[in-house]
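Structure first, then comments.
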Amino acid sequence: MSDWTTDSNECLSISMARSVEDKKTLSEDERYENFHPAFTYPIFGEEEKIYGYKDLIIDLKFASGSLKQYLSVKWSDKLQSVDTVDNVDGTMREFLSEGIETNEDAFRSQVQEDATSFKPSGKMIYSYTRSASKGKGKSFAAEQPSPEDEDTVVYEVYHNTWETPGFKEYHRKMQIFILLYIEAGSYINEEEDAWEFVVLYEKRKRQDSPHISTYHFVGYSSLYNFYYFPEKVRLRLSQFVILGPYQRSGHGSELYKAIYQYVLSQSHMGELTVEDPAEAFEDLRDKNDLKMLLSTKQFMEEGFGQDSHSHSGGRVGKVGKALKSLSKGKMGPPVEKGWAEKWRVKLKIAGRQFQRLVEMLIQMHLDPLDNRGLRAYRLQVKERLYRFNFEVLAQLEKEERLEKLEETFQSVRDDYGRILKLVC
């Protein structure tokens with residue numbers, strides 16, 4: 001049977017097709033065709049296997065901007081038994097939008113046409129730039145290049161809702177990436193009005209015609225509105241995906257910053273939360289939230305004293321002026337809860353996340369020789385851990401409960417150290 005079994009992740013080839021003119025602007029290390037998904041089990045089952053074919057190739061192409069779809073399923077040999085052979089084409093179509101192209105020449109013509117006619121829907125809420133010569137932004141600098149420079153690539157984020165003209169149809173084309181890149185990802189209900197979306201595009205000038213810019217899909221996030229007492233809404237980040245070729249290039253951080261800045265700009269929104277974040281996204285969130293707090297001058301000065309403000313925040317366990325001022329600030333330890341809550345509300349960060357960020361910042365400034373500070377910090381973290389895990393810990397005997405708390409505290413502190421190294 002293994003001769004007729006194919007790994008569905010390996011045989012599914014994804015391409016974001018660009019026009020001939022747009023391909024000319026790509027650097028040598030930019031590859032947006034023939035890449036593979038992270039997951040296919042929502043489509044082909046838990047084992048991610050397809051039965052009944054030899055040399056199976058599933059070719060799924062998208063026009064890089066409009067996301068017009070093309071599907072081709074080819075093989076060198078196929079079993080004749082209809083009952084046991086998987087229906088690959090039919091299965092794929094269940095998860096794709098209507099109007100799939102099967103003629104490759106017609107698809108290529110559509111790519112050429114859509115390249116200049118496609119424009120993102122919705123309202124642009126955020127943008128940033130990268131140098132094209134860096135290739136996908138893997139060596140991006142803190143200072144972004146000017147949008148006017150010839151080799152600058154602009155990235156733009158657009159906000160949409162179901163009410164945005166044409167967006168519902170566009171969403172049906174891009175939602176397949178949720179299944180292919182998010183573990184346990186699933187399609188959302190179009191009948192629920194509370195959804196909002198932010199979509200990230202690459203905006204690229206043409207080499208031969210720099211006055212012409214074309215748009216290329218990079219990723220998106222789905223956001224859901226909940227009631228937030230007493231008269232605001234809580235925005236929950238539900239889905240977040242960056243296409244494979246754009247990953248590990250800082251685009252996820254930029255999309256997250258776009259969402260956070262959008263929430264800050266909306267007076268009716270009281271808080272940004274995240275639904276069941278994966279470990280990689282949790283790191284991305286922690287890193288960007290920490291950088292934001294470290295760059296908020298008033299917060300840092302109130303928390304740690306006048307000499308504490310810096311973008312990098314110093315090194316973990318650093319001894320110096322920041323340590324001397326630690327006792328003068330609101331961070332303590334222990335942190336002044338009223339002051340912390342005031343800033344949490346102002347910055348619209350969820351409660352547990354803000355508590356963790358405060359703990360990381362205190363750990364960053366702690367003097368390893370300050371026994372009083374170390375003890376106060378340990379008690380502050382353990383209090384949060386106890387409250388968060390109360391139902392489990394309450395069932396343990398006192399000695400075992402204390403042992404588990406200490407074990408968890410040490411694990412949390414080690415993880416904070418790892419995260420802080422991403423920032424410092």
Side-chain angles (χ1 to χ4, degrees), residues 1-16 32-62 67 69-98 100 102 171-192 195 197 217-224 236-248 252 273-285 392:
M1 291 181 62
S2 61
D3 292 340
W4 297 93
T5 302
T6 307
D7 186 300
S8 54
N9 290 338
E10 294 179 3
C11 71
L12 175 55
S13 175
I14 306 169
S15 296
M16 305 302 291
Y32 301 110
E33 298 186 3
N34 301 317
F35 57 95
H36 300 282
F39 310 103
T40 50
Y41 67 84
I43 302 173
F44 293 110
E46 289 296 326
E47 294 185 358
E48 297 182 320
K49 301 294 182 183
I50 300 173
Y51 180 68
Y53 304 85
K54 286 186 178 180
D55 303 317
L56 177 66
I57 298 175
I58 306 171
D59 189 9
L60 179 61
K61 290 183 171 69
F62 298 81
L67 299 185
Q69 298 170 346
Y70 164 85
L71 178 65
S72 169
V73 181
K74 296 180 180 180
W75 58 87
S76 64
D77 200 2
K78 178 182 177 180
L79 286 176
Q80 297 305 308
S81 174
V82 178
D83 294 334
T84 56
V85 173
D86 292 324
N87 181 4
V88 179
D89 185 87
T91 301
M92 286 293 299
R93 287 175 180 272
E94 291 177 15
F95 296 90
L96 298 172
S97 63
E98 296 179 356
I100 303 168
T102 56
H171 179 265
R172 290 169 186 164
K173 298 175 185 176
M174 70 182 185
Q175 65 180 348
I176 183 69
F177 296 119
I178 297 297
L179 305 185
L180 299 178
Y181 282 101
I182 299 180
E183 190 168 8
S186 61
Y187 286 173
I188 62 176
N189 186 355
E190 289 184 358
E191 302 304 316
E192 295 180 338
W195 287 103
F197 306 86
F217 178 85
V218 176
Y220 80 102
S221 181
S222 306
L223 312 163
Y224 196 86
R236 184 180 72 185
L237 195 158
S238 178
Q239 299 172 321
F240 189 98
V241 62
I242 299 292
L243 293 187
Y246 291 97
Q247 292 179 7
R248 292 171 293 281
T273 64
V274 178
E275 177 185 0
D276 299 330
E279 185 176 326
F281 183 83
E282 213 164 36
D283 283 354
L284 180 150
R285 180 193 189 191
V392 175

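Quick note: numbers below take in every heavy atom, side chains included, and nothing from hydrogens, waters or symmetry partners. Count residues from 1 along the sequence.
Taking both residues in full, the closest heavy atoms of Tyr220 and Gln175 are given as OH-CA, 3.5 Å, listed atom of the first, atom of the second, then distance. The two residues Val85 and Lys78 make their nearest non-hydrogen contact at CG1-CE, 3.7 Å. What you find for Leu12 and Met92 is that their closest heavy atoms are CD1-CE, 4.3 Å. Between Glu33 and Met16, the shortest heavy-atom contact is CG-O, 4.3 Å. Considering every non-hydrogen atom in both Arg236 and Val274, the closest pair reads CG-C, 4.4 Å. When all heavy atoms of Val218 and Tyr246 are compared, the closest pair comes out as CG1-CG, 3.6 Å.
Contact check for Pro277 versus Phe240: no side-chain heavy atoms found under the 4.5 Å cut-off. Inter-residue side-chain proximity for Leu179 and Phe39 is flagged as unmet; no heavy-atom pair is nearer than 4.5 Å. For the pair Leu243/Tyr32, no side-chain contact is recorded, criterion being any heavy-atom separation below 4.5 Å from C-beta on. Side-chain atoms of Leu71 and Leu96, non-hydrogen and from C-beta on, do get closer than 4.5 Å to each other. Put simply, the side chain of Leu180 reaches to within 4.5 Å of the side chain of Thr40, judged on heavy atoms. Side chains of His171 and Ile188 form a contact here, defined as non-hydrogen atoms less than 4.5 Å apart. Counting heavy atoms from C-beta outward, Asp7 and Lys49 have side chains that approach closer than 4.5 Å. No side-chain heavy atom of Tyr41 sits under 4.5 Å from any side-chain heavy atom of Asn9.
A perpendicular orientation is assigned to the rings of Trp195 and Tyr224, their planes being inclined by more than 60° (bins at 30° and 60°).
Scored by the side-chain hydrogen bond (donor to acceptor under 3.5 Å, both in side chains) test, Asp283 finds Arg418 as partners (sequence neighbours excluded). Scored by the ring-ring contact (aromatic ring centres under 6.0 Å, His included) test, Phe44 finds no partners at all (sequence neighbours excluded).
Note: Ile58 CD1 to Asp89 CG = 9.5 Å, rounded to the nearest 0.5 Å. In this structure, Trp4 CH2 and Trp75 CH2 are separated by 11.5 Å, a value rounded to the nearest 0.5 Å. The distance from atom CG of Asp276 to atom CD of Glu183, rounded to the nearest 0.5 Å, is 12.0 Å. Annotation: the span from His36 atom NE2 to Cys11 atom SG amounts to 9.0 Å, rounded to 0.5 Å. A distance of 4.5 Å separates OH of Tyr181 from CD1 of Ile14, quoted to the nearest 0.5 Å. Note that OG1 of Thr5 is 6.5 Å distant from OH of Tyr51, once rounded to the nearest 0.5 Å.
Residue Glu47 places its CD atom among 12 or fewer non-hydrogen atoms of other residues, nucleotides or ligands, all under 6.0 Å distant. Around atom NZ of Lys74, no more than 12 heavy atoms belonging to other residues, nucleotides or ligands sit under 6.0 Å away.
Remark: side-chain polar atoms of Ser15 are paired, donor with acceptor, to backbone N or O of Asn34 under 3.5 angstrom. A side-chain donor-acceptor contact under 3.5 Å links Gln69 to the backbone of Lys173. At least one donor-acceptor pair closer than 3.5 Å links the side chain of Ser221 to the backbone N or O of Gln239.
Ser8 and Glu48 share no donor-acceptor pair across their side chains, judged by distance under 3.5 Å alone.
Salt-bridge formation is not detected for the pair Arg172/Glu98: no Lys NZ or Arg NE/NH1/NH2 atom is positioned less than 4.0 Å from an Asp or Glu carboxylate oxygen.
Aromatic ring centres of Phe217 and Phe62: separated by at least 6.0 Å.
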